[in-house]
There are 2 protein chains.
Amino acid sequence: MPAKGDHDARRRDVSEAVWRVVATAGFTGLTMRAVAAELGASTGLVTHYFPSKALLVRHALDLAAERTDERPLRTPEAPGLAALRAAVLDVAPVDGDAVAMNRVWVSSWDLALADAGFGAAQAARYTRWRAKLARHVADAQERGEIGAGDPADLAARVAAFTHGLVTQALFDPEAFGAARQERLVDGFLDSLRAGAPARDS
Amino acid sequence: MPAKGDHDARRRDVSEAVWRVVATAGFTGLTMRAVAAELGASTGLVTHYFPSKALLVRHALDLAAERTDERPLRTPEAPGLAALRAAVLDVAPVDGDAVAMNRVWVSSWDLALADAGFGAAQAARYTRWRAKLARHVADAQERGEIGAGDPADLAARVAAFTHGLVTQALFDPEAFGAARQERLVDGFLDSLRAGAPARDS
DNA sequence: CTACGTACCGAACGTTTGTTACGCACCTGT
DNA sequence: ACAGGTGCGTAACAAACGTTCGGTACGTAG
């Protein structure tokens with residue numbers, strides 16, 4: 001577990017302990033002492049690497065975002081609708097790790113809504129995420145895999161569905177197992193095929 | 001503001017102060033003193049009506065759920081798809097009050113994920129909500145307004161979209177004004193029309 | 001008039017919080 | 001050998017927390 005001599009690696013260890021504490025006790029239960037205990041160390045270590053709690057949290061969330069951004073590299077080749085599907089399923093809480101990470105994110109929303117700084121950071125993250133989804137949407141449209149419509153709006157729809165799926169799965173894990181989540185995602189993606197704007201009759 | 005002599009009314013006043021505090025400072029900033037200050041009273045008043053903080057938040061959330069359950073009575077007549085649309089828009093943060101209430105709910109997720117008791121209550125609430133949506137879905141299917149598919153799954157899809165729309169609108173209110181929210185909802189509901197299960201080819 | 005329960009304030013309790021400061025054990029260069 | 005910086009534990013700090021409690025005002029029943 002320890003990574004001696006490496007300053008950044010040590011900060012990563014601390015941030016991972018933050019994730020674990022938040023995932024189990026929420027941001028309400030996130031204290032310097034809890035992080036230190038989770039790490040099997042003292043509060044002195046924590047404050048040594050992060051002078052204040054705000055910086056602690058900021059780095060932990062930044063690192064979490066960075067990690068989720070880098071992870072999808074595991075499904076590199078797959079343009080259009082397939083990439084969209086991969087992007088959604090990559091976020092969904094289908095396994096233990098994803099559940100823990102999503103718990104961190106959902107819990108962080110309390111902080112993000114109350115603190116302007118964190119809120120702006122979150123908003124920026126999600127704007128960037130929607131932009132990425134919009135690119136996949138446009139690709140899928142070019143390949144004729146999904147119907148017409150403003151890519152930005154469709155990306156917002158996909159983002160909304162994904163976030164909502166996450167929250168429901170977190171609150172009711174038994175009703176939303178991995179299989180049902182996948183089924184719901186596929187059903188939703190299917191509904192994009194005929195998604196032409198209702199220029200009715 | 002005060003409702004003298006009426007015990008329950010007073011508890012309601014306190015709970016509304018809780019909402020206001022949570023909406024602006026989050027659950028992290030929810031303290032007995034903050035509630036008392038918001039109410040223009042002393043902590044003695046708060047503890048008089050709620051012996052502990054846990055009971056305080058429990059009643060505040062229960063009352064909030066009760067209030068959102070009763071409110072849709074304003075759009076009574078409208079079966080099928082129209083009822084579904086009303087149910088979704090009724091939750092969406094399209095005005096100041098709805099924004100404040102949704103802030104309370106999203107913030108409460110931190111607590112719900114950490115505390116088993118609150119988590120179970122939340123899960124039950126959302127299960128009931130999905131059941132209500134499923135009824136509208138089934139109605140709409142009978143009237144031929146939307147495509148086939150398991151009503152429970154379609155209701156979960158609607159619930160997911162709605163929750164996700166809420167979170168995105170809360171974090172980026174400028175990008176998700178009332179008009180765009182309505183447009184996104186209508187676009188999404190449109191996509192349900194052809195939602196037959198992909199028994200492909 | 002008296003007695004008593006309700007409503008509420010204000011202060012205090014002990015605990016927990018974030019943060020700061022002190023001190024020891026290394027390592028590294030000279 | 002020795003000086004100095006880094007890593008980290010320990011202990012303390014003031015502030016803020018949830019909760020408890022004595023005291024006052026007011027109504028109502030006897």
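In what follows, every chain begins at residue 1, and chains take the letters A, B, ... in the order their sequences are listed.
- The side chain of B:His7 places an N or O atom within less than 4.0 Å of a non-bridging phosphate oxygen (OP1 or OP2) of C:dA7.
- Once rounded to the nearest 0.5 Å, the distance linking OH of B:Tyr126 with CH2 of B:Trp105 reads 6.0 Å.
- Per the geometry, CG belonging to B:Leu45 stands 21 Å off P belonging to D:dG23, to the nearest Å.
- Listed by chain and number, the residues in a ring-ring contact (aromatic ring centres under 6.0 Å, His included) with B:Phe50 are B:His59 (sequence neighbours excluded).
- Rounded to 10°, the helix from C:dC1-D:dG30 to C:dT30-D:dA1 has 10° between the axis fitted to its first five pairs and the one fitted to its last five.
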Pairs under 3.5 angstrom only: tabulate donor-acceptor contacts from the side chains of residues 129-136 of chain A to other protein residues two or more places apart or in another chain.
{"from": "A:Arg130", "atom 1": "NH1", "to": "B:Gln168", "atom 2": "OE1", "distance (Å)": "2.7"}
{"from": "A:Arg130", "atom 1": "NH2", "to": "A:Thr127", "atom 2": "OG1", "distance (Å)": "3.4"}

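- Within residues 106-118 of chain B, no residue places a heavy atom under 4.0 Å from DNA chain D.
- In this structure A:Arg67 satisfies the salt bridge (charged side-chain N to carboxylate O under 4.0 Å, His left out) test together with A:Glu16, sequence neighbours excluded.
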Just list the side-chain donor-acceptor pairs under 3.5 Å for residues 51-58 of chain A, sequence neighbours left out, or say none.
{"from": "A:Ser52", "atom 1": "OG", "to": "A:Leu55", "atom 2": "N", "distance (Å)": "3.3"}
{"from": "A:Lys53", "atom 1": "NZ", "to": "A:Leu30", "atom 2": "O", "distance (Å)": "2.9"}

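- One atom, NE2 of A:His48, and another, P of D:dT10, lie 16 Å apart when rounded to the nearest Å.
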Original post:
If the sugar-phosphate is the primed atoms plus P, OP1 and OP2 and the base is the rest, what is the B/S/- string for nucleotides 12-24 of chain C, using protein heavy atoms under 4.0 Å?
Top reply: -----BBBB----

Under 3.5 Å, which donor-acceptor pairs do the side chains of residues 36-48 of chain B form with other protein atoms, sequence neighbours left out?
{"from": "B:Glu38", "atom 1": "OE2", "to": "B:Arg20", "atom 2": "NH1", "distance (Å)": "2.7"}
{"from": "B:Ser42", "atom 1": "OG", "to": "B:Gly44", "atom 2": "N", "distance (Å)": "3.3"}
{"from": "B:Thr47", "atom 1": "OG1", "to": "B:Thr43", "atom 2": "O", "distance (Å)": "3.2"}
{"from": "B:Thr47", "atom 1": "OG1", "to": "B:Gly44", "atom 2": "O", "distance (Å)": "3.0"}

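- Distances shown here put a side-chain N or O of A:Tyr49 below 4.0 Å from the OP1 or OP2 atom of D:dC8.
- When distances are taken from the side chain of A:Ala41 to each of D:dG7, D:dG9, C:dA7, the shortest belongs to D:dG9.
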Would you mind writing out the side-chain donor-acceptor pairs for residues 147-155 of chain B within the sub-3.5 Å range, not counting sequence neighbours?
{"from": "B:Asp150", "atom 1": "OD1", "to": "B:Ala152", "atom 2": "N", "distance (Å)": "3.3"}
{"from": "B:Asp153", "atom 1": "OD1", "to": "A:Arg180", "atom 2": "NH1", "distance (Å)": "2.4"}
{"from": "B:Asp153", "atom 1": "OD1", "to": "A:Arg183", "atom 2": "NH1", "distance (Å)": "3.4"}
{"from": "B:Asp153", "atom 1": "OD2", "to": "A:Arg183", "atom 2": "NH1", "distance (Å)": "2.3"}

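- Residues that satisfy the salt bridge (charged side-chain N to carboxylate O under 4.0 Å, His left out) test with A:Arg85, not counting sequence neighbours, are A:Glu182, A:Asp186.
- Distances shorter than 4.0 Å separate some side-chain N or O of B:Arg10 from OP1 or OP2 on C:dC8.
- B:Phe27 pairs by the ring-ring contact (aromatic ring centres under 6.0 Å, His included) definition with nothing, not counting sequence neighbours.
- Residues that satisfy the ring-ring contact (aromatic ring centres under 6.0 Å, His included) test with B:Tyr49, not counting sequence neighbours, are B:His7.
- With a 4.5 Å cut-off on side-chain heavy atoms, B:Ser191 and A:Arg157 count as touching.
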